[in-house]
Protein chains: 2
Amino acid sequence: MSDVARHAGVSRTTVSFVLNDKPGAAIPDETRRRILEAIDELGYRPNAGARALAANRSGWFGLITEIVTGPFAAEVITGAQSRAWGDRRFLLIAASEGDPAQEAAALDQMLEHRVEGLLYATTWHRAVTLPKVAREVPTVLVNCYDAEGELPCILPDEESGGHRATRRLLDAGHTRIGLINLDPAIPAAIGRREGYERALREAGITPDPSLVLPGWATADGAYTAACELLDRPAADRPTALFCGNDRMAMGAYDAIKERGLRIPHDVAVVGFDNQELIAAYLRPKLTTLALPFEAMGTKGVDMLAALAAGQPLDTHRVTIDCPLLERSSV
Amino acid sequence: MSDVARHAGVSRTTVSFVLNDKPGAAIPDETRRRILEAIDELGYRPNAGARALAANRSGWFGLITEIVTGPFAAEVITGAQSRAWGDRRFLLIAASEGDPAQEAAALDQMLEHRVEGLLYATTWHRAVTLPKVAREVPTVLVNCYDAEGELPCILPDEESGGHRATRRLLDAGHTRIGLINLDPAIPAAIGRREGYERALREAGITPDPSLVLPGWATADGAYTAACELLDRPAADRPTALFCGNDRMAMGAYDAIKERGLRIPHDVAVVGFDNQELIAAYLRPKLTTLALPFEAMGTKGVDMLAALAAGQPLDTHRVTIDCPLLERSSV
DNA sequence: ACAAGGAAGTAACGCGCGTTATTAAAGCGC
DNA sequence: GCGCTTTAATAACGCGCGTTACTTCCTTGT
């Protein structure tokens, strides 16, 4: 920077002023031009670390995920990344791999790097408890919530997702709709079932509990559940299946095809999660709901930016819609 | 740090010495203990940015990928991450999204952050040309190579992968093995075919070109190719299919099942890429080869660390084996 | 007794930059 | 010509730390 100043025949301070567009500093166009020219000629590049030190503003946000591998974390990263870079902020990413020791180490490093905020994302919607050092810095939870309800969090709107899926099947003329659910105790299963039942009631149909079976989040479990539903007498048999996730839809597909039934003519299927590799390559392609991971990532950075700037949050608990992706299974 | 020094009754220099285990500095245990105690009591945490500035060693490596989403990039990140954190180095990750402007912007930021090395990873094995600013810093290519052959690169060993897959099928007793290949012009397709033919020749079988069909990297293309192979007269019909990737194996599965043939009893299948969501959930589960993305990521960081330390590289072009994952389709 | 040498610790500079207070020059009204 | 304001630019300090050169005190050997 001193070289640039010398080259342009000004002081280092002046260079700093044009570099930062310092408001209140009166720099004639001619001087500014000379400086920019010198920067260009010398190939000068400001040192981000030194700027951070001097300005007491690191520009870093931390992002802790359970696993980096896996489509979900990657989407959160993508969303957070794009939003952060656009704002000239940067993401220090770490994976805890579910190991508290690694998580603590990651947290330590982040604090040493003086992150201005922390994003904590989980693979599936659930409750978490953070180490208390995390309180030293603004923190936002993504796809999870803390039991005490103290930290702001961003969650998928499971209920409206369940409603939207069911509604889609109702619109296609189905009235007996089976729900092959996840583990019934987890928030996703609870919310989606609520949405499912609300959609039915709104259509004047009383939800039939015998049409709701757990599929235990596996293709095999869903296959078993689907077999049970499809082997009922014609009058009791559902003409559509809403599956808790896409892997389960895969199992359901097998059960349906095995019986010589066609998708979607005989049985329609809606999945959940939009795992591209499954949903887009099943035959026929699977209509499913997407978990809004990318949107959750960008929203997380937004909230962090607000918190880091000392602004209050309008909402402590944000839910984001799960959009329906139409393919060919309905 | 000054607070810690005052609290422990020593100078800041001494604190720095114990913090960095400065060799040659004689610190009595008693003094060291007092200092560590003060650190603990005051909750002192060194400022990573300031250390980097003073030591003139940022500790950052840059990682540029085409897409963050998608299983491949995520694995590279995982591998690089774990290796880097273990070495107290950190990864500044950016996605180019295939956009040269974004790529240039990312590169700029990385250089401003004074990365000590750059990892450039692509989604599929191919040639690339980097912007020349990338030459300002040690660079290693991952899953790609530069046409000039100047930059060190890490590539999957496609040939040995093709050999291993074919060998597995030969060992299971198959002698007529169909190859439903990727776009025949890309390095992956060429290498794998070479390995396939070498394995056949080693088993005393002359490769039959009519058994090699392009599947164009899609499930539909592979379905078509598989149909063509399976509809041949029994004597010409392959009893095993080696598919260019797992999505194509999916298409092959459909063709096989449609004909009432069983996997693996009537037709065995081997895929490539190990896309967990497909391979592990197809029924039966798919035996496939894994692209060693994670290993490539860790190796990349290793090479970068060596380069950043000024050590020469033993090999300019590293290939890494593609391990076989046995499941139930052979 | 004294020199030599090691142990323990420190003052002071510099890393690359942002920022504040201050100065010097230029413009303006009378 | 003199005061006053605006414009243009700078010297100097501090951010939090690593490091070098230097000082002081204590042993040890003869």
Could you check how far CG of B/D3 sits from P of D/dG16, rounded to whole Å?
10 Å
Rounded to whole Å, how long is the line connecting atom CD of A/E112 with atom C1' of D/dC17?
13 Å
Looking only at the side chain of B/N20 (C-beta and beyond, no hydrogens), which of the listed nucleotides D/dG16, D/dG18, C/dC17 gets closest?
D/dG18
Is there a donor-acceptor pair under 3.5 Å between the side chain of A/N47 and the backbone N or O of A/G49?
yes
Kindly write out the residues that satisfy salt bridge (charged side-chain N to carboxylate O under 4.0 Å, His left out) with B/D29, not counting sequence neighbours, or none if the list is empty.
none
Look at B/E41 together with B/R34 and state whether they make a salt bridge at an N to O cut-off of under 4.0 Å.
no
Double-helix bend of the helix from C/dA1-D/dT30 to C/dC30-D/dG1, axes at both ends from 5 pairs, round to 10°, gives 50°
For a quick test of reading the model: is some side-chain N or O of A/N47 closer than 4.0 Å to OP1 or OP2 of C/dC17?
no
Pairing of B/E30 and B/R33 as salt bridge, 4.0 angstrom limit
yes
Listed by chain and number, what are the side-chain hydrogen bond (donor to acceptor under 3.5 Å, both in side chains) partners of A/R114, not counting sequence neighbours?
none
Using side-chain hydrogen bond (donor to acceptor under 3.5 Å, both in side chains) as the criterion, list what pairs up with A/D302, not counting sequence neighbours.
A/R83
Can you check the B/H113 NE2 to C/dG16 P distance for me, whole Å?
17 Å
Value in whole Å for how far the P atom of D/dA9 lies from CZ of A/R6
18 Å
Contact class for B/N56 vs. all strands (heavy atom < 4.0 Å): base, sugar-phosphate, or nothing?
nothing
How does protein contact run along nucleotides 4-13 of chain C, one letter per nucleotide 5' to 3', with B for base contact, S for sugar-phosphate only, - for none, heavy atoms under 4.0 Å?
---SSSBBB-
Nearest whole angstrom, please: distance from the P of D/dT19 to the CG of B/L19.
12 Å
Can you tell me how far P of D/dT7 sits from NZ of A/K22, to the nearest Å?
16 Å
Interatomic distance where CE belongs to B/M1 and C1' belongs to D/dG14 [whole Å]
16 Å
Check: A/Y44 ring centroid to A/H7 ring centroid under 6.0 Å:
no
Atom CZ of A/R57 and atom P of D/dG14: how far apart are they, to the nearest Å?
23 Å
Minimum heavy-atom distance between B/V15 and B/V10, given as atom pair plus value
CG2-CG2, 4.0 Å
With sequence neighbours excluded, tell me which residues meet salt bridge (charged side-chain N to carboxylate O under 4.0 Å, His left out) with A/E97.
none
OP1, OP2 of C/dC17 versus side-chain N and O of A/R51: anything below 4.0 Å?
no
